[in-house]
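A quick write-up on the structure given underneath.
Just so we're on the same page: letters track the sequence lines, and every chain starts at 1.
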Protein chains: 2
Amino acid sequence: MALAHAIMTALIEDDLSGYELSRDFETSLGFFWNASHQQIYQELRKLAEKGWLNKREVNQSGKPNKIVYGLTMAGRDALQAWVFGTTRTQAAKDELLVKLYNLDATNVSHLATEISRRREDMMKLLYLYETIRRRHYADTANLPVRRKGVYLALAYGISQGEHFLAWCDQALELLAGVESA
Amino acid sequence: MALAHAIMTALIEDDLSGYELSRDFETSLGFFWNASHQQIYQELRKLAEKGWLNKREVNQSGKPNKIVYGLTMAGRDALQAWVFGTTRTQAAKDELLVKLYNLDATNVSHLATEISRRREDMMKLLYLYETIRRRHYADTANLPVRRKGVYLALAYGISQGEHFLAWCDQALELLAGVESA
DNA sequence: AACAAATATGCAACCTTTTGCATAAAGGCG
DNA sequence: CGCCTTTATGCAAAAGGTTGCATATTTGTT
């Protein structure tokens with residue numbers, strides 16, 4: 001039930017609508033726990049039924065009205081209980097690495113292209129990470145406690161991303177050798 | 001349909017039974033695409049029905065009989081077609097990082113313990129990776145082409161794993177500071 | 001008035017994955 | 001003989017996730 005808890009995590013400091021949550025996920029929690037808007041809306045209703053979230057409709061001018069959700073006390077308790085529970089390691093599933101097991105003379109250039117594409121995607125993501133870090137997490141030592149946790153998650157993303165780039169370079173070099181052989 | 005293709009990938013060089021595949025996944029392809037035996041057996045039957053695998057029963061003495069699967073020509077073609085298709089990036093889903101967004105004075109020592117546990121797990125995995133690398137991929141330059149691809153996947157696992165350890169150390173240091181504050 | 005874009009929420013079908021259970025053959029041990 | 005372990009295969013229910021579609025409001029543009 002990690003999606004439920006990811007959503008509640010996003011609501012710790014602010015009450016948000018499904019649309020806003022969906023947006024926020026793209027530039028924060030979604031780095032570490034992805035969710036489509038369909039999933040989010042459905043889960044929000046379930047959590048409200050369970051009593052872990054409260055909902056209220058907010059009338060807006062200039063935009064359609066929205067339904068804003070906030071954590072209840074029961075929700076906060078459930079969230080803390082989850083933090084203290086056992087954490088499961090999600091095994092990485094990466095098609096690209098499985099495809100590399102299929103490397104041969106016919107597909108080497110295609111796989112090199114795919115790695116280049118992934119390298120570019122990661123560059124963009126790293127740029128986003130770095131922007132966020134500079135804007136919100138520059139003064140690491142003086143961050144409030146919870147934000148230090150968020151900072152660590154971001155640091156994880158940056159570290160893994162940077163070394164992914166290095167691996168891409170190594171892989172592309174090796175594949176170039178195979179191609180020209 | 002990546003599981004289907006991961007299974008076919010595991011059958012490129014050898015015909016294997018579901019049990020053997022399940023075993024092999026734990027020390028090779030499973031690093032990058034996990035699968036339970038329930039999933040594997042079911043998928044094997046589907047692939048055989050589709051004509052991508054052939055099956056034959058093998059009588060064994062000293063053990064129960066087994067059903068061995070091998071790639072058909074159609075299966076090899078489908079596998080190559082998949083390699084050339086678009087590759088999707090599987091977003092990382094990691095509960096531990098979501099939990100870090102919940103960092104506060106009450107859970108900081110628990111989260112530090114969780115990170116330590118993950119660090120130990122990664123140490124064990126890295127030891128396994130390194131053993132495999134030394135045993136089978138030491139002479140990188142002279143590997144056959146396909147094995148160079150497998151080597152790159154392994155190198156990916158080792159690189160990401162090593163830097164995960166470094167991140168754990170950084171995180172534990174920061175959390176120790178929070179705890180004593 | 002027609003149309004596009006952003007905001008906002010949702011249904012339903014399908015596919016994938018997890019979980020728990022079930023079965024059976026063969027060998028080793030007490 | 002009874003029991004445990006390894007080898008070997010499978011069913012079925014539930015949970016989780018993806019894909020495609022559907023709808024409505026409001027503002028801004030042509």
May I ask you to verify if any side-chain N or O of [X] is less than 4.0 angstrom from the OP1 or OP2 atom of [N]?
X	N	answer
B/Lys93	D/dG16	no
B/Arg88	D/dG17	no
A/Arg45	C/dC11	yes
A/Tyr41	C/dG10	no

(message) Can you tell me if B/Tyr127 has over 12 outside heavy atoms packed within less than 6.0 Å of its OH?
(response)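 No, because the 6.0 Å sphere around OH of B/Tyr127 holds 12 heavy atoms or fewer from other groups.
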(message) On a heavy-atom basis, which atom in A/Asn54 and which in A/Thr72 lie closest, and how many Å separate them?
(response)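 Scanning both residues completely, I find the closest heavy atoms to be N-CG2, 3.6 Å.
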(request) On DNA chain D, check which nucleotide each of A/Gln42 and B/Tyr19 is closest to and give me the residue with the more 5' one. (result)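 Its nucleotide being nearer the 5' end, the pick is B/Tyr19.
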(request) Please tell me which of A/Met1 and A/Gln38 maps to the more 5' nucleotide of DNA chain D, matching each residue to the nucleotide holding its nearest heavy atom. (result)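 Taking each residue's closest nucleotide, the earlier one in sequence belongs to A/Met1.
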How many Å lie between [atom1] on [X] and [atom2] on [N], as a whole number?
X	N	atom1	atom2	value
B/Gln39	C/dT17	CD	C1'	5 Å
A/Leu3	D/dA14	CG	P	21 Å
A/Lys46	D/dA14	NZ	C1'	11 Å
A/Asn34	C/dT16	CG	C1'	16 Å

(message) Is any side-chain heavy atom of A/Ser17 closer than 4.5 Å to one of A/Ile67?
(response)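 Not touching, per the 4.5 Å side-chain cut-off.
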(message) Considering every strand and a 4.0 Å limit on heavy-atom distances, what is the contact class for A/Asn65: base, sugar-phosphate, or nothing?
(response)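 Sugar-phosphate only.
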(message) Counting the atoms with a prime plus P, OP1 and OP2 as sugar-phosphate, which does A/Ser17 contact under 4.0 Å by heavy atoms, base, sugar-phosphate, or nothing?
(response)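 Contact class for A/Ser17: sugar-phosphate only.
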(request) Assert yes or no for the condition that the ring centre distance of B/Tyr19 to B/Tyr41 is strictly below 6.0 Å. (result)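 Not under 6.0 Å, so no.
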